[in-house]
Amino acid sequence: MTTITRGGIVTGWGISVPDKVVTNEDLSVTMDTTDAWIRERTGIRERRIGGTTSQLAIEAGVAALEKAGRRPDEIDGVVLATTTPDQIIPGTSATVQDGIGVPSGAFDVNAACSGFVYALTVAHGLLAIGAERLLVIGSETLSRITDWDDRSVAVLVGDGAGAVVLEAVDGPGQLLSWKLGADGSLRHLLKCDHGGFLYMDGREIFRKAVRVVVESAEQAIAEAGLTVDDIDLMVPHQANLRIISAACQRLGIPEDKAVVVIDRYGNTSSASIPLALVDALETGRLEEGHHVLLTGFGGGMTWASAVLRWGG
Ligand code: UT7
């Protein structure tokens, strides 16, 4: 079991998504695809497209601060998960730090679609060594690295951001366990070269994703001293509804415990878990004492699972 003497609790949350809605029907006008194929093979109905990674991150961050009742000058650091930075240098977190007016350190975490769980875990490490309050954000504009003539990728992606304010508490806080994994020998399965477009071997990622999600989730649940029946809510990376269903089935978690927002947002990489988490919070699905499993996977390959006990 993870021993945490100074933990963290989420005290605020927020999201930002572009106004522009692109439906499957819209895509079927410009490429050889159909609404039926996209819905049946992925669960996606529409996605939001537009903005920049920093702009969406700033909006989500400001909303999270407002919800927490905190001013920017009360924040000790910005941890931004993104795989679509505005520029190669500087880190997009610098633009976010400046845009929100947080007088503190700021850095990017790139673990592709696992990025938010990585960022949340790293943030807990900072709390353990003295940080009081952090802004943890996942923000992406995958549309900017997408070839809109490549139907194998274009139908999947969306843009958006989700953020949480994480505050230090004495004692363990919400994070009961975490499991971060990577296998760089699989990095060819999902990649984007400088100036290039997003490429993925969808079928192979699908197969590997289910395995690593299940394994890391089982390890995180066991390390939290829980069993799968103790999990009240699962907040998975939103890459494909069929991956979420397969993972639920193999884990033995009823599908109605999984939060699904892929129908509205598509795959937003490291923004997908916070978008889903905030959706669960805003719709009253997350209550004090609930055990929440966050689990994701993505390019690298990387994967990450964490178990939280909500509230505190
Ligand atoms: O965020 C983490 C990274 N990404 C993922 O996790 C993605 C994981 N993979 C997937 O979600 C799925 O593999 C995809 C959604 C990408 C593809 O679904 P699939 O069921 O694996 O389809 P497929 O690639 O095996 O293709 C089946 C057929 C092919 O036609 P043939 O060869 O059977 O004639 C494709 O050419 O579907 C065709 N196809 C399409 N048809 C209409 C592929 N893309 C499309 C499309 N519209 N957009």
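Counting starts at 1 for both ligands and their atoms, in listed order.
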Got the closest protein heavy atom to [atom], with its distance?
| atom | value |
| --- | --- |
| atom 7 (C) of ligand 1 | M200 SD, 3.8 Å |
| atom 21 (O) of ligand 1 | R203 CG, 3.6 Å |
| atom 20 (O) of ligand 1 | R41 NH2, 2.6 Å |
| atom 16 (C) of ligand 1 | L156 CD1, 3.9 Å |
| atom 5 (C) of ligand 1 | I205 CG2, 3.8 Å |
| atom 38 (C) of ligand 1 | R151 NH2, 3.7 Å |
| atom 37 (O) of ligand 1 | W37 NE1, 3.2 Å |

query: Yes or no on side chain to side chain contact (heavy atoms under 4.5 Å, CB included) for V164 and L277, after CA distance, side-chain angles and deciding distance?
result: CA-CA 10 Å; V164 298; L277 179 66; 4.2 Å; yes
State, without any angle test, whether [X] and [Y] hold a side-chain donor-acceptor pair at a distance under 3.5 Å.
| X | Y | value |
| --- | --- | --- |
| S177 | E223 | no |
| T42 | N240 | no |
| E215 | Q219 | no |
| E255 | S245 | yes |
| T268 | E140 | no |

field: Residue pair D229, T227: steps toward the side chain to side chain donor-acceptor pair (under 3.5 Å) verdict
entry: CA-CA 5 Å; D229 295 335; T227 70; 4.5 Å; no
Classify the contact between [X] and ligand 1 as side chain, backbone, both or neither, using a heavy-atom distance cut-off of under 4.0 Å.
| X | result |
| --- | --- |
| N267 | side chain |
| M31 | neither |
| L190 | side chain |

- prompt: Does the salt bridge (charged side-chain N to carboxylate O under 4.0 Å, His left out) test come out yes or no for D263 and R45, once each step is laid out?
  reply: CA-CA 5 Å; D263 53 333; R45 283 190 293 113; 3.3 Å; yes
Short N or O distance, G202 and ligand 1, threshold 3.5 Å exclusive: yes
field: Closest heavy-atom pair and its distance - V259, Q238
entry: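 So the two residues come closest at O-NE2, 2.9 Å.
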- prompt: How close do L156 and I44 get, heavy atom to heavy atom, and via which atoms?
  reply: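 Of all heavy-atom pairs spanning L156 and I44, the closest is O-CD1, 3.5 Å.
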Under 4.0 Å to a heavy atom of [X] - the qualifying atoms of ligand 1, by number:
| X | value |
| --- | --- |
| V155 | 48 (N) |
| R242 | 18 (O), 19 (P), 20 (O) |
| H237 | 1 (O), 2 (C) |
| C113 | 1 (O), 2 (C) |
| I243 | 6 (O), 8 (C) |
| N240 | 10 (C), 11 (O), 12 (C), 15 (C) |
| F297 | 2 (C), 6 (O) |
| T42 | 15 (C) |

- request: Find out if a path of hydrophobic residues (ILVMFWY) with successive side-chain heavy-atom gaps under 4.5 Å connects I15 to V165.
  value: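 Different hydrophobic clusters.
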Same cluster (ILVMFWY, side-chain, under 4.5 Å), M31 and F197: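 No; F197 is not reachable from M31 via cluster members.
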query: Strictly under 4.0 Å, does any heavy atom of A209 approach an atom of ligand 1?
result: no
Do you see a protein non-hydrogen atom under 4.0 Å from [atom]?
| atom | answer |
| --- | --- |
| atom 29 (C) of ligand 1 | no |
| atom 41 (N) of ligand 1 | yes |
| atom 47 (N) of ligand 1 | yes |
| atom 44 (N) of ligand 1 | yes |
| atom 25 (O) of ligand 1 | yes |

message: If I take atom CG from residue L275 and atom CD1 from residue I262, how far apart are they, to the nearest 0.5 angstrom?
response: 11.5 Å
message: side chain to side chain donor-acceptor pair (under 3.5 Å) for T141 and T53? Distances and angles first, verdict last.
response: CA-CA 6 Å; T141 44; T53 295; 2.8 Å; yes
task: Would you confirm whether S93, through its side chain, and F107, through its main-chain N or O, come within 3.5 Å as a donor-acceptor pair?
output: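 It does hold such a pair.
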